[in-house]
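Fair warning: this is a prediction, and the values are worked out from it, not measured in the lab. Both backbone and side-chain heavy atoms feed into the values below; hydrogens, waters and symmetry mates do not.
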Amino acid sequence: MKFILKEIVSTLLLFAVMFLVMMGVYKYIAEPFIVDGASMEATLKSGERLWMLKLNEIDRFDVVIFPAPDNEDKLYVKRVIGVAGDTIAYENDQLLINGQAVEEPYLQEKANEFDGKFTYDFTLEDITGETTVPEGSFFVMGDNRRNSLDGRRFGFIETDDVMGEADFIYWPFSEFGLLDKYELSADGSEIVLR
């Protein structure tokens with residue numbers, strides 16, 4: 001009887017430790033997220049399930065998750081277009097980062113579905129009154145530029161508000177895998193895969 005009791009206690013302790021480890025991972029390292037809406041199509045589709053990694057350092061062009069500026073109970077998923085010190089503008093369907101025109105490869109699939117401009121012209125100053133992205137802030141946009149409530153509407157988000165980076169799709173299995181990662185080339189002339 002003593003042996004059985006010892007085994008039961010041992011098993012319960014093992015499950016308790018496993019539960020605490022899983023809760024720690026969930027709170028501090030990675031958390032599942034379900035995409036709700038079309039603002040990131042074709043990169044992410046509504047209903048896709050992914051892991052948000054919480055320890056990643058966020059860079060320009062990463063896809064991030066943060067509380068909606070107008071409703072903290074709702075989460076948004078958008079792409080970081082501008083980091084601190086950047087000037088951002090759109091002119092003739094062309095992204096300008098610090099005055100340099102760059103093509104956005106992550107937009108091509110969705111942009112091909114539309115006639116005319118996919119992203120309408122703007123400057124940061126038009127939207128926010130600022131000429132550059134302030135320290136401690138990001139400027140974010142959805143990849144589905146015609147159907148995204150993003151920085152063009154609510155301005156900057158605080159870097160501290162970012163909960164994590166959308167990194168790995170685990171459902172549906174047809175989309176299983178890591179999201180493509182992009183960066184600005186060394187000379188700032190193009191967006192390339194990392």
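Shown here is Asn98, whose CG atom has more than 12 heavy atoms of other residues, nucleotides or ligands within 6.0 Å. The neighbour count for Glu7 CD, taken as heavy atoms of other residues, nucleotides or ligands under 6.0 Å away, is above 12. A 6.0 Å sphere centred on CD of Glu183 holds more than 12 heavy atoms belonging to other residues, nucleotides or ligands.
Sorted by first and then second residue, the side-chain hydrogen bond (donor to acceptor under 3.5 Å, both in side chains) pairs with a member in residues 184-194 read Asp62-Arg194, Ser185-Asp187, Asp187-Ser189; sequence neighbours excluded.
Judged as a ring pair (Phe, Tyr, Trp, His ring centres under 6.0 Å), and not counting sequence neighbours, Phe19 has no contacts. Residues passing the salt bridge (Lys or Arg N to Asp or Glu O under 4.0 Å) test with Asp161: none are found, sequence neighbours excluded. Evaluation of the ring pair (Phe, Tyr, Trp, His ring centres under 6.0 Å) rule for Phe118 yields Phe114 as partners, not counting sequence neighbours. Residues meeting the ring pair (Phe, Tyr, Trp, His ring centres under 6.0 Å) test with Tyr182, sequence neighbours left out: Tyr106. Residues forming a side-chain hydrogen bond (donor to acceptor under 3.5 Å, both in side chains) with Glu113 (at least two apart in sequence, or on another chain): Lys110. Looking at residues two or more places apart in sequence or on another chain, you find no salt bridge (Lys or Arg N to Asp or Glu O under 4.0 Å) involving Lys45. For Asp121, the side-chain hydrogen bond (donor to acceptor under 3.5 Å, both in side chains) criterion is met by Lys117, not counting sequence neighbours.
Note that CG of Leu107 and CG of Leu95 are 8.5 Å apart. Values are rounded to the nearest 0.5 Å. Summarising the geometry, atom CD belonging to Glu104 is positioned 8.0 Å from atom CG belonging to Asp143; distances are rounded to the nearest 0.5 Å. For the atom pair CG of Leu44 and CD1 of Ile169, the computed distance is 5.0 Å after rounding to the nearest 0.5 Å. Note: Ile65 CD1 to Asp167 CG = 10.0 Å, rounded to the nearest 0.5 Å. Interatomic distance, Ile97 CD1 to Ile191 CD1, rounded to the nearest 0.5 Å: 5.0 Å. Taking CG of Leu124 as the reference point, atom OG1 of Thr87 lies at 7.5 Å (rounded to 0.5 Å).
The pair Asp150-Arg79 does not count as a salt bridge, with every side-chain nitrogen at least 4.0 angstrom from each carboxylate oxygen.
Checked by atom type, the side-chain pair Ser39/Asn144 shows no donor-acceptor distance below 3.5 Å.
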Arg152 vs Arg145, test: side-chain contact (heavy atoms from CB on, under 4.5 Å). Steps then yes/no. CA-CA 10 Å; Arg152 294 170 292 176; Arg145 299 291 167 77; 4.1 Å; yes
Step-by-step side-chain contact (heavy atoms from CB on, under 4.5 Å) determination, Leu55 to Ile29: CA-CA 6 Å; Leu55 299 178; Ile29 298 173; 4.0 Å; yes
Is there a side-chain contact (heavy atoms from CB on, under 4.5 Å) between Val162 and Thr159 once you walk through the steps? CA-CA 6 Å; Val162 172; Thr159 56; 5.5 Å; no
Residues Phe156, Thr128; criterion side-chain contact (heavy atoms from CB on, under 4.5 Å); working and verdict: CA-CA 8 Å; Phe156 304 112; Thr128 67; 3.6 Å; yes
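Between Gly82 and Ile88, the shortest heavy-atom contact is CA-CD1, 3.8 Å. The minimum heavy-atom distance linking Ser148 with Lys78 is given by the pair OG-NZ, 3.2 Å. Across all non-hydrogen atoms, the minimal contact from Lys54 to Met163 is CG-O, 3.4 Å. Residue Asn147 comes nearest to Ala38 through the heavy atom pair ND2-CB, 3.6 Å, listed as atom of the first residue, atom of the second, then distance.
In the hydrophobic clustering of ILVMFWY residues, with side-chain heavy atoms under 4.5 Å counting as a link, Leu96 and Val102 come out apart. No chain of hydrophobic side-chain contacts below 4.5 Å, direct or via other Ile, Leu, Val, Met, Phe, Trp or Tyr residues, connects Phe154 to Leu75. Placement of Val63 and Phe33 within a single hydrophobic cluster is found when ILVMFWY residues are connected by side-chain heavy-atom separations under 4.5 Å, directly or transitively. Ile81 and Tyr76 fall into different hydrophobic clusters, where Ile, Leu, Val, Met, Phe, Trp and Tyr side chains are chained together by heavy-atom contacts under 4.5 Å.
At distances below 3.5 Å, not a single donor-acceptor pair connects side-chain atoms of Asn71 with backbone N or O atoms of Ala68. Side chain of Gln94 to main chain of Tyr90: no donor-acceptor pair is present (N/O by atom type, distance under 3.5 Å, no hydrogens or angles). Asn112 places a side-chain N or O within donor-acceptor distance of the main-chain N or O of Gln108, the cut-off being under 3.5 Å. Remark: the backbone N or O of Val35 is not paired with any side-chain donor or acceptor of Arg49 at under 3.5 angstrom.
Using a 4.5 Å heavy-atom cutoff, the side chains of Arg60 and Asp86 are in contact. By the 4.5 Å heavy-atom criterion applied to side chains, Arg153 and Ile127 are not counted as neighbours. Looking only at side-chain heavy atoms (C-beta outward), Asn56 and Lys181 come within less than 4.5 Å of each other.
Membership of the apolar cluster around Trp51 extends to Phe168, Tyr170, Trp171, Phe173, Phe176, Leu178, as traced through chained side-chain contacts below 4.5 Å between ILVMFWY residues. The hydrophobic cluster of Tyr120 has no other members, since no ILVMFWY side-chain heavy atom comes under 4.5 Å of it. If you chain together ILVMFWY residues whose side-chain heavy atoms come under 4.5 Å of each other, Ile34 ends up in a group of its own.
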Review item, side-chain donor-acceptor pairs of residues 130-142, under 3.5 Å, at least two apart:
none

